[in-house]
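Shown next, in structure tokens, is the structure this report addresses.
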Number of protein chains: 2
Amino acid sequence: MVTETREKMVRTAALLLAKRGLQGASFSEVLAASGAPRGSIYHHFPEGKDQLVAEALALAQARAMDELERHRGESAPDVARAFVQLWRDVLLASDFSAGCAVVAVTVAADAEPLVEKAAAVFREWQGILTDLLATGGVPSARAASLASLLIAASEGAVIVARAEGAIDRFDAVAEELVEVVAAAGEVSG
Amino acid sequence: MVTETREKMVRTAALLLAKRGLQGASFSEVLAASGAPRGSIYHHFPEGKDQLVAEALALAQARAMDELERHRGESAPDVARAFVQLWRDVLLASDFSAGCAVVAVTVAADAEPLVEKAAAVFREWQGILTDLLATGGVPSARAASLASLLIAASEGAVIVARAEGAIDRFDAVAEELVEVVAAAGEVSG
DNA sequence: GTCTATACGAAGATAGAC
DNA sequence: GTCTATCTTCGTATAGAC
């Protein structure tokens with residue numbers, strides 16, 4: 001298949017970004033982990049590492065978006081639960097060795113364009129979450145700030161849980177988040 | 001002074017960690033930014049970079065702890081405001097180019113001991129925040145999970161704001177956090 | 001589309017002089 | 001306590017053959 005190697009590299013880069021950060025997602029590591037042939041790097045990614053990372057970010061974005069989209073129409077607390085669960089799965093599936101690729105790029109990027117790509121991912125998530133929360137019963141005036149809270153707290157909780165190697169504090173944060181969203185929905189009936 | 005150069009290196013490492021991540025806090029960068037002499041690296045830090053980073057983490061921990069300690073005895077919402085303000089200042093003072101050193105280490109460390117050091121910092125913050133929130137009027141059963149929420153959401157909001165290069169979403173998260181803490185305090189009077 | 005070889009720089013680390 | 005020099009490894013990137 002024409003694009004199989006390429007896609008595998010992007011998936012592997014996304015995983016390495018989440019697990020070991022921007023520096024850990026080196027070409028050597030990506031090749032070793034993906035089994036892709038060394039000679040094909042600049043064939044598939046003529047702009048080098050930044051291009052590979054940018055596509056890994058796009059993949060991470062799409063994954064979360066797709067998962068969230070599956071919960072369109074559900075109540076706001078259920079939407080919140082779905083978003084939080086997405087990150088909980090990342091932690092557990094990786095035995096606390098993985099986090100968020102977008103975060104990894106944001107805190108380690110030395111190139112502006114890459115930070116802007118990361119910001120774009122956060123904006124996309126913010127947009128769909130705001131939409132889903134409003135649809136799910138949260139007053140529209142509050143939906144945006146609750147979406148911001150969900151994203152920020154989830155990302156932060158992933159980091160703390162990773163450092164600890166335990167799910168406890170992530171779950172504590174998750175419960176608080178769902179409660180806040182539920183309370184916001186009850187106000188307007 | 002015996003320790004002046006050394007302290008300057010640690011402070012610079014903490015700053016570089018926050019600004020450019022673990023990879024950006026290289027010896028060359030630390031030396032260039034601190035003005036410290038190259039020959040003194042392994043004199044002051046015989047265990048190399050990991051030792052320097054570990055001390056930078058300890059510094060970051062102490063700074064937040066000291067700032068929080070100044071608010072002992074205040075109401076829970078004021079404690080929450082103080083913690084959030086601490087991170088807001090980091091963003092604004094750096095023009096959105098700096099975040100949290102502990103986060104940077106957690107998401108990029110390839111050595112376990114360093115991740116454990118990062119976890120220790122989060123635990124310290126968790127401990128004092130839980131204490132201050134309980135003292136400030138939050139039911140003790142809830143203080144710990146609210147402390148976790150404060151830490152996670154603040155760290156996450158810092159990352160998002162950094163990527164965006166704007167304070168808006170950080171402030172939205174901050175407001176939500178203070179409200180949640182305030183509401184938790186009102187329950188028990 | 002994939003290969004080998006190679007250039008170039010940066011990073012961590014060590015040795016030994018001063 | 002600080003200096004210079006050097007070593008090794010690794011990462012990005014390019015050239016040119018197949």
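Quick note on labels: first sequence line is chain A, next is B, and so on, each numbered from 1. Here the structure is a predicted model, which is why all the values come from computation and not from measurement.
Minimum atom distance to the side chain of A:Arg38 is reached by C:dT4, of the listed D:dG1, D:dT14, C:dT4. The side chain of A:Tyr42 lies closest to D:dT14 when the candidates are D:dT14, C:dG12, D:dG1.
The main-chain N or O of B:Ala144 is found under 3.5 Å from a side-chain atom of B:Gln126 such that the two form a donor-acceptor pair.
For the pair B:Thr5 and D:dT2, the criterion of a side-chain N or O lying under 4.0 Å from OP1 or OP2 is met. Remark: B:His43 is in phosphate contact with D:dG1, judged by side-chain N or O atoms under 4.0 Å from OP1 or OP2.
In this structure, A:Val115 shares a hydrophobic cluster with no other residue, the cluster being traced through Ile, Leu, Val, Met, Phe, Trp and Tyr side chains under 4.5 angstrom apart.
Look at CZ on B:Phe45: it is 15 Å from C1' on C:dA13, rounded to the nearest Å. Rounded to whole Å, the distance from NE2 on A:His44 to P on D:dT12 is 17 Å. Atoms CG (B:Leu52) and P (C:dG12) sit 9 Å apart, rounded to a whole Å. Rounding to whole angstrom units, CZ of residue B:Arg6 and C1' of D:dT2 are separated by 16 Å. One atom, CD of B:Gln51, and another, P of C:dG12, lie 14 Å apart when rounded to the nearest Å. In this structure, the CD atom of A:Glu47 is 14 Å from the C1' atom of D:dA13, given to the nearest Å. We find that CG of A:Asp110 is positioned 13 Å from C1' of D:dG11, with the value rounded to whole Å.
Legend: residues meeting side-chain contact (heavy atoms from CB on, under 4.5 Å) with A:Ala98, ordered by chain and number and at least two apart, are A:Ala18, A:Lys19, A:Val90, A:Ser94. Under the rule for a ring-ring contact (aromatic ring centres under 6.0 Å, His included), the partners of B:Phe27 that lie at least two apart in sequence or sit in another chain are B:Tyr42.
Applying the ring pair (Phe, Tyr, Trp, His ring centres under 6.0 Å) test to every pair with at least one member in residues 149-178 of chain A, sequence neighbours left out, gives no pairs at all.
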Output side-chain donor-acceptor pairs under 3.5 Å for residues 45-54 of chain A, partner residues at least two apart or in another chain, one line each.
{"from": "A:Lys49", "atom 1": "NZ", "to": "A:Leu22", "atom 2": "O", "distance (Å)": "2.8"}
{"from": "A:Lys49", "atom 1": "NZ", "to": "A:Ala25", "atom 2": "O", "distance (Å)": "3.4"}
{"from": "A:Gln51", "atom 1": "OE1", "to": "A:Glu47", "atom 2": "N", "distance (Å)": "2.9"}

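For the contact set between residues 19-33 of chain B and DNA chain C, defined by any heavy atom under 4.0 Å, the members are B:Ser26, B:Phe27, B:Ser28.
Between A:Glu116 and A:Arg123 there is a salt bridge, with a side-chain nitrogen of the basic residue lying less than 4.0 Å from a carboxylate oxygen of the acidic one.
The nearest heavy atom of DNA chain C to A:Ser40 and to B:Asp50 marks one nucleotide each, and the one closer to the 5' end goes with A:Ser40.
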